[in-house]
Amino acid sequence: MRETRRWFVLTGAGISAESGVPTFRGSGGLWEGTRPELLASPEGFRADPARVWRWYRWRRGIVAGAEPNAGHRALARLEDHAPSFVLATQNVDDLHERAGSRDVIHLHGRLFGTRCSRSCGMPVQEEIAADVPLCGCGAPLRPDVVWFGEGLPVEAFQDAVAAAEECDACLIVGTSAIVHPAAGLPSVASRAGALLVEVNPEPTALSGICDLALRGGAATELPRLLEMAGISSEPTGPGRV
Ligand code: OAD
C-alpha cells in the first residue's frame, strides 16, 4: 500500500453506519420487513408517489442530522496524499463531501437532488411542500436517485470503470457488493492487476477475490489502513503532533 500511486475506492452504506445512517441489508436495515420495489423503483413511484416521498424525506432528515465519521475523514485524507485518487460511492448521502472528499462519483444519485419524473429538462424550482411536488411541466418531481431497474448515470459509471482499470489498489468499504453494476467494479480492478482491500465487519460477495480484509467498522479500520499506508489519519495542527 505504501507504493500505491493510484487508488480507486468503492463505498457503500456501511461507511455511513457509524454516523447513524442505516444500511439496507441485515438486521435493522432499511429493506428489513419491506419490499424494496415499493420504495425504490419507477413502478413503486407510479403506484404511490406520496409513500415514496415520505420515505425519502425521512431519509433526508436522518442524513441532515448526521455527521461524517472517522472513516469518511480518513478517505478525504487519503485523497490529499495520493498522487491519483478516485472515490465512487453507491451512497446517496453527502457525508463524503462533508468530510472533505472532492469530485465524489455518485453511482446511485443524490438524496438531496430532485428532478422531473418525465425528464422534461426544466430546471427544478424550490420544492413545494406538497405530498408529491410537481414539476413546471405538470409531472410529479422525484428524488434524483437511481432506482431498481434504472440505469446508472452513464458518465459517472464510465469514469468509475476507467479508474478501476487504471488503479494500483482498490479499496472496497462497507458494501455487501451484490447490487450490479457497481458491485462489479472491484473485479475490473482485480483483472487489471490491482491490490484489493476490503473493509467490512462481515465477509461479502467479493471477499474471495480480495488480497486483504480488514474485519471491523470503517471508522476504526480506515484510519488504521492509513497508518499501514504511512499516512497519518487526522490532520496535524496547533497542539497536535
Ligand atoms: P448493504 O446494506 O447491502 O450492505 C452494507 C454493508 O456494510 C454490509 O456488507 C455490512 O456488513 C457493512 N457494514 C455494516 N456496518 C459497517 C461499518 N461500520 N463499517 C463498514 N462496513 C459496515 O449496502 P450497499 O452494499 O451499499 O441501492 O447496498 C448497495 C445498494 O443496494 C444501495 O446503493 C441501494 C441498495 O438497495 C439502491 O437503492 C438502488
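If you're wondering where the values come from, they're calculated on a predicted model, not measured in any experiment. Counting convention: from 1, in listed order, for ligands and their atoms alike.
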Hey, are Ser16 and His72 close enough side-chain-wise for a donor-acceptor pair under 3.5 Å? yes
Check whether the side chains of Asp168 and Thr4 place a donor and an acceptor atom closer than 3.5 Å, and report yes or no. no
Examine distances only and state if a side-chain atom of Glu43 and a backbone atom of Glu37 form a donor-acceptor pair shorter than 3.5 Å. no
Only one of Glu202, Glu198, Glu221 clears side-chain hydrogen bond (donor to acceptor under 3.5 Å, both in side chains) with Arg215; which? Glu198
Summary of ring pair (Phe, Tyr, Trp, His ring centres under 6.0 Å) pairs that have at least one residue in residues 3-33, sequence neighbours excluded: Phe24-Trp31, Trp31-Trp55
Distances only, to 0.1 Å: what are the N or O pairs between ligand 1 and the protein that fall under 3.5 Å?
from: ligand 1; atom 1: 2 (O); to: Phe24; atom 2: N; distance (Å): 2.8
from: ligand 1; atom 1: 2 (O); to: Arg25; atom 2: N; distance (Å): 2.8
from: ligand 1; atom 1: 3 (O); to: Arg25; atom 2: NH1; distance (Å): 2.6
from: ligand 1; atom 1: 3 (O); to: Ser176; atom 2: OG; distance (Å): 2.5
from: ligand 1; atom 1: 4 (O); to: Ser176; atom 2: N; distance (Å): 3.4
from: ligand 1; atom 1: 7 (O); to: Gly174; atom 2: O; distance (Å): 3.2
from: ligand 1; atom 1: 9 (O); to: Asn200; atom 2: ND2; distance (Å): 2.9
from: ligand 1; atom 1: 11 (O); to: Asn200; atom 2: OD1; distance (Å): 2.7
from: ligand 1; atom 1: 18 (N); to: Glu18; atom 2: OE1; distance (Å): 2.7
from: ligand 1; atom 1: 19 (N); to: Gly14; atom 2: O; distance (Å): 3.4
from: ligand 1; atom 1: 19 (N); to: Ala218; atom 2: N; distance (Å): 2.9
from: ligand 1; atom 1: 25 (O); to: Thr175; atom 2: OG1; distance (Å): 2.6
from: ligand 1; atom 1: 25 (O); to: Ser176; atom 2: N; distance (Å): 2.9
from: ligand 1; atom 1: 25 (O); to: Ser176; atom 2: OG; distance (Å): 3.3
from: ligand 1; atom 1: 26 (O); to: Ala13; atom 2: N; distance (Å): 2.8
from: ligand 1; atom 1: 28 (O); to: Arg25; atom 2: NH1; distance (Å): 3.2
from: ligand 1; atom 1: 31 (O); to: Arg25; atom 2: NH1; distance (Å): 3.0
from: ligand 1; atom 1: 31 (O); to: Arg25; atom 2: NH2; distance (Å): 3.3
from: ligand 1; atom 1: 33 (O); to: Gln90; atom 2: O; distance (Å): 3.3
from: ligand 1; atom 1: 33 (O); to: His108; atom 2: ND1; distance (Å): 2.8
from: ligand 1; atom 1: 36 (O); to: Arg25; atom 2: NH2; distance (Å): 3.4
from: ligand 1; atom 1: 36 (O); to: Trp31; atom 2: NE1; distance (Å): 3.0

Begin from the C-alpha positions of Ser84 and Arg5 and carry the test side-chain contact (heavy atoms from CB on, under 4.5 Å) through to its verdict. CA-CA 6 Å; Ser84 162; Arg5 299 190 57 75; 6.0 Å; no
